[in-house]
Every structure is written in structure tokens, then in C-alpha cells.
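Presented below is the structure to which this report refers.
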Amino acid sequence: MQYKLSENGKSYYLTGYVGGDADEINVPSHYNGKPVTKVLDAFKYNSSAHIKKITLPEQLKTIEGGAFEDCGNLREVYFNAIDCKAIVE
């Protein structure tokens, strides 16, 4: 997975997924000791076509529109977040 440090430096955004052949993905709650709070278009490209299940962390705050656009085989999303909003494009 690929990450970007937030503007305030207090958290990370998930910006990309470099595919493997796993059909289940767990988005980690922390990266480099800081919470992962946003999913950008991380799963938007062909490397994500095989994913069937994604688990998102509790402290996630935002999911950008189109984040799972190319996940044609996605069947389950486990959404543990307490206070999250989606941004629809």
C-alpha cells in the first residue's frame, strides 16, 4: 500500500494499492505510528480487480468518491469507522 502524510502531519492517507494476488485486504489502522484517516483513490486501478473483501480501520474519517471504482469483484466491505464521511464526486 502507498501512503501520503496529511497536511497537518498528524495522520496518513491511503493513496494507492500495488496489487498482489490477495483477495482480502485489511487497511491498517496506523502507518509509521500515525493513524490512517483517509482513503483516496487507492483501489481505483486494475491491480485491484481481484479484491473480494476490504476491511477499513476504526479511525477512518473520509473515503473519497471512486475509491473502489475498479474493484469489480468486491463483495464485502467491513466498515469499522465511527465517524466517517464519504466524498461523492
Side-chain angles (χ1 to χ4, degrees):
M1 293 191 197
Q2 299 169 330
Y3 301 89
K4 172 186 172 186
L5 188 61
S6 65
E7 294 82 12
N8 65 14
K10 294 182 179 180
S11 65
Y12 276 94
Y13 303 155
L14 180 60
T15 61
Y17 170 74
V18 179
D21 58 359
D23 59 357
E24 294 184 16
I25 303 297
N26 291 309
V27 175
S29 61
H30 289 78
Y31 178 74
N32 282 345
K34 297 181 183 197
V36 176
T37 59
K38 186 183 281 190
V39 175
L40 301 177
D41 58 359
F43 299 99
K44 192 173 181 177
Y45 305 102
N46 290 334
S47 63
S48 303
H50 62 281
I51 298 172
K52 295 178 183 173
K53 175 181 165 185
I54 296 176
T55 301
L56 301 170
E58 185 175 291
Q59 66 277 15
L60 196 66
K61 299 290 182 199
T62 307
I63 301 171
E64 293 277 335
F68 307 111
E69 188 173 315
D70 288 339
C71 295
N73 289 313
L74 186 61
R75 301 291 178 258
E76 300 174 62
V77 176
Y78 289 92
F79 191 64
N80 300 317
I82 295 171
D83 181 27
C84 183
K85 63 180 177 179
I87 296 177
V88 180
E89 295 176 351

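Since this is a predicted model, take the numbers as computed values, not measurements. Any value given below was found using the heavy atoms of this structure, including those in side chains, with hydrogens, waters and symmetry copies removed.
Taken from NE2 in His50 to CG in Leu74, the straight-line distance is 11.0 Å, to the nearest 0.5 Å. Summarising the geometry, atom CD1 belonging to Ile25 is positioned 7.0 Å from atom CD1 belonging to Ile54; distances are rounded to the nearest 0.5 Å. The distance from atom CG of Leu56 to atom CD1 of Ile63, rounded to the nearest 0.5 Å, is 5.0 Å.
In this structure, the side chains of Phe68 and Ile51 stay at 4.5 Å or more apart for every pair of heavy atoms.
Residues Lys34 and Ser11 come closest through the heavy atom pair CB-CA, 4.1 Å. Taking both residues in full, the closest heavy atoms of Pro28 and Met1 are given as CD-SD, 3.9 Å, listed atom of the first, atom of the second, then distance. The heavy-atom pair separating Leu40 from Glu64 by the smallest distance is CD2-CG, 3.3 Å. A pairwise comparison of heavy atoms in Ser29 and Pro57 identifies CA-CB, 3.7 Å as the closest pair. Here the shortest heavy-atom pairing between Val36 and Tyr3 reads CG2-CE2, 3.9 Å. Across all their heavy atoms, Pro35 and His30 have their closest contact at N-CD2, 3.5 Å.
Note on Tyr17 and Phe79: same hydrophobic cluster, where clusters join Ile, Leu, Val, Met, Phe, Trp and Tyr whose side-chain heavy atoms are under 4.5 Å apart, directly or indirectly. A continuous path of hydrophobic side-chain contacts links Tyr31 to Leu5 [ILVMFWY only; heavy atoms under 4.5 Å].
The cationic atom of Lys38 (NZ for Lys, CZ for Arg) lies less than 6.0 Å from the six-membered ring centre of Tyr13 and within 45° of the ring axis.
Taking the salt bridge (Lys or Arg N to Asp or Glu O under 4.0 Å) definition, one finds that Lys53 meets it with Glu24, sequence neighbours left out.
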